[in-house]
Amino acid sequence: MASKVLDKSYDPHQVEGKWYTFWEERGYFRADENSEQKTYSIVIPPPNVTGVLHIGHALNNTLQDILIRFKRMEGYNVLWMPGTDHAGIATQNVVEKQLLEEGLDRHQLGREKFIEKVWKWKGQSGGTIISQLKKLGASCDWGRERFTMDEGLSDAVKEVFIRLYQEGLIYRSHYIINWCPRCQTALSDLEVEHQETSGKLYHLKYPFRKSDRFVVVATTRPETMLGDTAVAVNPEDERYRSVIGEKVVLPVVNREIPVIANSYVDIEFGTGCLKITPAHDFNDFEIGLTHGLEQIKVIDEAGRMNENAGPYQGMDRFACRDQMVEDFKRDGVLIKIDDYPHVVGHCYRCKTIVEPNLSLQWFVKTKPLAKTAIEAVQKGRTRIIPPVWEKTYFEWMENIRDWCISRQIWWGHRIPAWYCKPCGEVIVSKETPVSCPKCGSDGLTPETDVLDTWFSSGLWPFSTMGWPKKTKLLKRFYPTSVLVTGFDILFFWVARMMMMGLKFMGDIPFRDVYIHGLVRDERGEKYSKTRGNVVDPLDLIDRFGADALRFTLAALTMPGSDLKLSESRTEGYRHFANKIWNASRFALMNLEAFDLDEMNQRPHPEKFNLPDRWIRGRLNQAIREVRKSLEEYKFNEASHTLYQFIWHEFCDWYLELSKLTLYKEGDQKRKGLTQRTLLEVLDAILRLLHPFMPFITEEIWQQLPGRKENESIMISTFPKAEEQYDDENVASEMGLIIDVINALRNLRGEMNLPPGEPMTTLLRTRNEETEKRLRKNQSFIQFLALVNEFQLGWDLEKPLHSALTAVREVEIFVPMERSRMEEEAKRLQKEILKIDKESAFVTKKLSNEQFLSKAPPEIVEEVKQKAAEFRTQREKLEESLLKIKERLR
RNA sequence: AGGCACGUAGCUCAGGGGGAGAGCGCUACCUUGACGCGGUAGAAGUCUGGGGUUCAAAUCCCCACGUGCCUACCA
């Protein structure tokens, strides 16, 4: 069968789309819940439904696809569950911005209309990221694609909410929470980003009632003083002991507030007096509770001062601060202002400074859930890889606080609760209740809040598989094999899936969590739109091919560290793809006349020639390494092994050596065996590389001659090492040949013999085995070192005028004109110097008594051998140098 | 403030108790029958600094300096 000759260079554009469609149409991506095969499953970290693919997605999904394709080829029944997330606040913000352009806000539109609009936007842009994942080559089971707001997933959310509520693990309470005045919603602790901000520390004077005395409090937020309900001092603080229990008068509002004692107050800080604003500060809130203080809100949901702010009512909280500072200066309340850098919380979606605010919210009691989640990792039921992240996980889980899950936005899962107006009963139920079960009234009002997006994401590993229904899919594929994700959502998502999975499935959601780093630019900066350094993965795919991008990401992925992407690297791997392409082109050209019937026979390994046997042994090694690396999630090692083997062993050595057999030798039998090796090794290389570079490997594989057991490389088997080709002798024999060829090339370079000019060489060795090996492989040496005249023997005379080098037990002579002997003398001197430098270290070791007595014997032996080698090598060089010098005299 | 990483060739980074590695870049030569997206050869590093453990330290331990990240309620 004749195979098609490939084009001269690889063009991804003509290949990628074609094969993706082929795979998808044939259903290779599909998992089979009815199969009895061993399973392997991954749920995709769902990207924002209206988002576009960024480089972080490209990394995350490339790694998953490598694992998935590897396991699929290994014969597993593989499920890669895809889907998207509704991303509540983020998506709502986008649609609100669109409305703004039309001069509208969502309140003018109304809840229903607004949600309709979001769904419409989801419909328009929702497919984008999925089609982009396909461009990357992601082999997800697209038929099962889920969306967090699907009916089934929404049902799971309700079910979980209700069960947690019934168990008392969800409660509703007035509590201080993080509030974003721009998004107008509560945020969880995690959704607040802490940033160092240069602020001021204001010292304010609070006078005692009917007295000249006063206390001075220090605050970064003077505007909150309007809501102060106490001043706290440390009970140990001598300065204030006498005033505890007395009352001070709050300036502006002239409200009397007590001086209380609380050991939380740091005596050293500021004045040692702490103003307490329970409604606008987390600590003050806690202190307020223990002292039964009143909670006075002075800032409203939009971040403006409210009716409790007296003259400042209606002002923005920051404008109010400025105004108050001016007023305080005037009235003598302000003692001084110090510069004070401190940390301020910002909304992770819109970067607005969050306002700690007292409000009525829904919470999940997380402690009991966290306990089992901690244990699961402690016991190793779930492994976190790399393990450094375990500590971070434990730390967070152990200090977890209750999770505020209600959001005052519209886009999301409505909390399934109703309130009875007449009797105040709260009804939590899946179905809309018709009347109050307690008082029978039908005056029920529904809860308007929606749930935190992460509440539904936390259910992802089982909600996507049909829970709460007991599906076959869950039975087969839960727990999943591994979760691949970035550390940035370890708490947001991974921790919550652990808690929810253990609670509702009674089992961990995944056996392994593989955590990769962030993709940064060449300078190590985070990619960001404001910085203007974003790279579009689709642009990279377009320019270099999806395979090159995938390989780059895999090669740069080091467990536990961020990766710096550079375009030159991707370009380099495009060259690698091209190299593979051309190696295949060479192979196919030389397989045209190959008699495929030969493939039916299984020749004994010894029938093959040295390079054939050698490359098969090296292939075994590469297979073992790639397998091991993949099992350990060491993507960079696997990539490196592949690159090294394919380029520097298969192409640089094997293909070059094969040319001799293919073109120069007349032996048809030998030629057939080499053709066979060429075909088999190339086939294995393609399969080995397929998880990393799916497109190019399929394109070439399809053109390999001969019958194939499968119609696609995707479903062919991942290579296994074939032990009959592991042969130490072959490896060392080839090693000798490679060394000799390198030495000759080296000499050629140093003596400035043009690469094209054939040379004469004489090899002398006293070692019988070595001589035998050299004689056997003489033609390979001649071919690759471009030697036209070749002599070999143990008793050869060194030609009168020649350059000399030595490798292993072989002396290599290359005759030269007499005029070049001066040059040669210099070269020898240089080489001797090099050897002296190297052997100095060895002799030093051997003259050390301690080393000889304490180091392991095999190490000592090794060093001794090296010393001997250096000695003989040096002798030979020296001898040659002396002779040349004599003659030159 | 605490915790965790990291500091190796010009750049990006592997490695990790027994003579310093890769890719890119750089230099010289080469249209050798797949590939110039190529080939051959080469230059290049007190492995941040200082102590310690050891026969032996770039590697393990301590300290310092530098860089990055995460967590945190000092107003």
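Convention: sequence-line order gives letters A, B, ...; per-chain numbering from 1. FYI, side chains are in, hydrogens and waters are out, and symmetry mates aren't considered; it's all heavy atoms of this structure.
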Engineer: Within the side chain of A:Glu196, is there an N or O that forms a donor-acceptor pair under 3.5 Å with the backbone of A:Val343?
Structural biologist: no
Engineer: A:Lys579 side chain N/O closer than 4.0 Å to the phosphate oxygens (OP1, OP2) of B:rC37?
Structural biologist: no
Engineer: Given atom CG of A:Asn578 and atom C1' of B:rA34, what is their separation to the nearest angstrom?
Structural biologist: 10 Å
Engineer: Looking at the base of B:rC73, is there any donor atom on it, or on the side chain of A:Tyr264, that sits under 3.5 Å from an acceptor on the other one?
Structural biologist: yes
Engineer: Provide the distance between the two C1' atoms, one in B:rU8 and one in B:rA34, to the nearest whole Å.
Structural biologist: 37 Å
Engineer: Rounded off to whole Å, could you give me the CE-to-P distance for the A:Met751 and B:rC29 pair?
Structural biologist: 18 Å
Engineer: Rounding to a whole Å, what distance do you find between A:Glu750:CD and B:rA41:P?
Structural biologist: 11 Å
Engineer: Could you give the CG-to-P distance, from A:Asn746 to B:rA28, as a whole number of Å?
Structural biologist: 19 Å
Engineer: Between B:rC24, B:rC73, B:rG38, which one does the side chain of A:His194 approach most closely?
Structural biologist: B:rC73
Engineer: Side chain of A:Ala583: nearest nucleotide among B:rA34, B:rC24, B:rG18?
Structural biologist: B:rA34
Engineer: Tell me: CE of A:Met397 to P of B:rA72, nearest whole Å?
Structural biologist: 14 Å
Engineer: Which nucleotide, in any strand shown, forms a Watson-Crick or G-U wobble pair with B:rG25, with both distances under 3.5 Å?
Structural biologist: none
Engineer: Does A:Glu395 get its side chain close enough to the base of B:rA72, under 3.5 Å, for a donor-acceptor pair?
Structural biologist: no
Engineer: Applying the Watson-Crick and G-U wobble criteria at under 3.5 Å, what pairs with B:rA20? Answer none if nothing qualifies.
Structural biologist: none
Engineer: As a quick check of understanding, evaluate salt bridge (charged side-chain N to carboxylate O under 4.0 Å, His left out) for A:Lys830 and A:Glu750, giving each step before the final call.
Structural biologist: CA-CA 11 Å; A:Lys830 214 176 90 192; A:Glu750 276 174 28; 5.1 Å; no
Engineer: Hey, what do you get for CG (A:Leu250) to NZ (A:Lys275), rounding to the nearest 0.5 Å?
Structural biologist: 8.5 Å
Engineer: So does A:Trp647 get a side-chain nitrogen or oxygen closer than 4.0 Å to the phosphate oxygens (OP1/OP2) of B:rG39?
Structural biologist: yes
Engineer: Taking A:Asn590 as the fixed residue, which of A:Thr661, A:Leu655, A:Leu662, A:Leu679 is the one that meets the side chain to side chain contact (heavy atoms under 4.5 Å, CB included) rule?
Structural biologist: A:Leu662
Engineer: Taking N and O atoms by type only, does the side chain of A:Lys659 place a donor or acceptor under 3.5 Å from a partner on the base of B:rA34?
Structural biologist: yes
Engineer: Does the side-chain ring of A:Tyr663 lie flat on the base of B:rG33, meaning centres under 5.5 Å and planes less than 30 degrees apart?
Structural biologist: yes
Engineer: Given the P atoms of B:rA44 and B:rA57, what is the spacing between them in whole Å?
Structural biologist: 25 Å
Engineer: What interatomic distance, in whole Å, is found between C1' of B:rC13 and the corresponding atom of B:rU32?
Structural biologist: 35 Å
Engineer: Measuring only the C1' atom in each nucleotide, how far is B:rC74 from B:rG15? A whole number of Å is fine.
Structural biologist: 44 Å
Engineer: Tell me which nucleotide, if any, is Watson-Crick or G-U wobble paired with B:rC65 when both distances must be under 3.5 Å.
Structural biologist: B:rG7
Engineer: Tell me which nucleotide, if any, is Watson-Crick or G-U wobble paired with B:rU71 when both distances must be under 3.5 Å.
Structural biologist: B:rA1
Engineer: Please determine, for the side chain of A:Asn283, which listed nucleotide (B:rC73, B:rC55, B:rA14) has the closest atom?
Structural biologist: B:rC73
Engineer: Who does B:rU46 pair with, Watson-Crick or G-U, both distances under 3.5 Å?
Structural biologist: none
Engineer: OP1, OP2 of B:rG23 versus side-chain N and O of A:His648: anything below 4.0 Å?
Structural biologist: yes
Engineer: Roughly, in whole Å, what's the span from NE2 in A:His280 to P in B:rA75?
Structural biologist: 18 Å
Engineer: Please measure how far the C1' atom in B:rG23 lies from the corresponding atom in B:rA14, and state the result in whole Å.
Structural biologist: 10 Å
Engineer: When you measure from the side chain of A:Phe487, which nucleotide among B:rG18, B:rA34, B:rC69 comes out closest?
Structural biologist: B:rC69
Engineer: Can you tell me how far P of B:rC70 sits from CD of A:Gln195, to the nearest Å?
Structural biologist: 11 Å
Engineer: Name the pairing partner of B:rU54, where a pair is Watson-Crick or G-U wobble with both distances under 3.5 Å, or state none.
Structural biologist: none
Engineer: Hunt down the Watson-Crick or G-U wobble partner of B:rU31, both distances under 3.5 Å, from any strand shown, or write none.
Structural biologist: none
Engineer: Is there a side-chain contact between A:Tyr573 and the phosphate of B:rG23, meaning an N or O under 4.0 Å from OP1 or OP2?
Structural biologist: no
Engineer: Could you give the distance separating B:rG7 and B:rU40 at their P atoms, to the nearest angstrom?
Structural biologist: 32 Å
Engineer: When rounded to the nearest Å, what value does the distance between C1' atoms of B:rC73 and B:rG2 take?
Structural biologist: 14 Å
Engineer: Using the P atom in both, what is the distance from B:rG49 to B:rG10, to the nearest Å?
Structural biologist: 14 Å
Engineer: Measure the distance from CG on A:Leu784 to P on B:rC30 and round it to the nearest whole Å.
Structural biologist: 20 Å
Engineer: Is the phosphate of B:rG42, meaning OP1 or OP2, less than 4.0 Å from a side-chain N or O of A:Arg745?
Structural biologist: no
Engineer: Could you please name the option among B:rA41, B:rA22, B:rA34 that lies closest to any side-chain atom of A:His640?
Structural biologist: B:rA22
Engineer: Quick check: do A:Met693 and A:Phe576 have side-chain heavy atoms less than 4.5 Å from each other?
Structural biologist: yes
Engineer: Reckon A:Arg585 has a side-chain N or O less than 4.0 Å from the OP1 or OP2 of B:rC35?
Structural biologist: yes
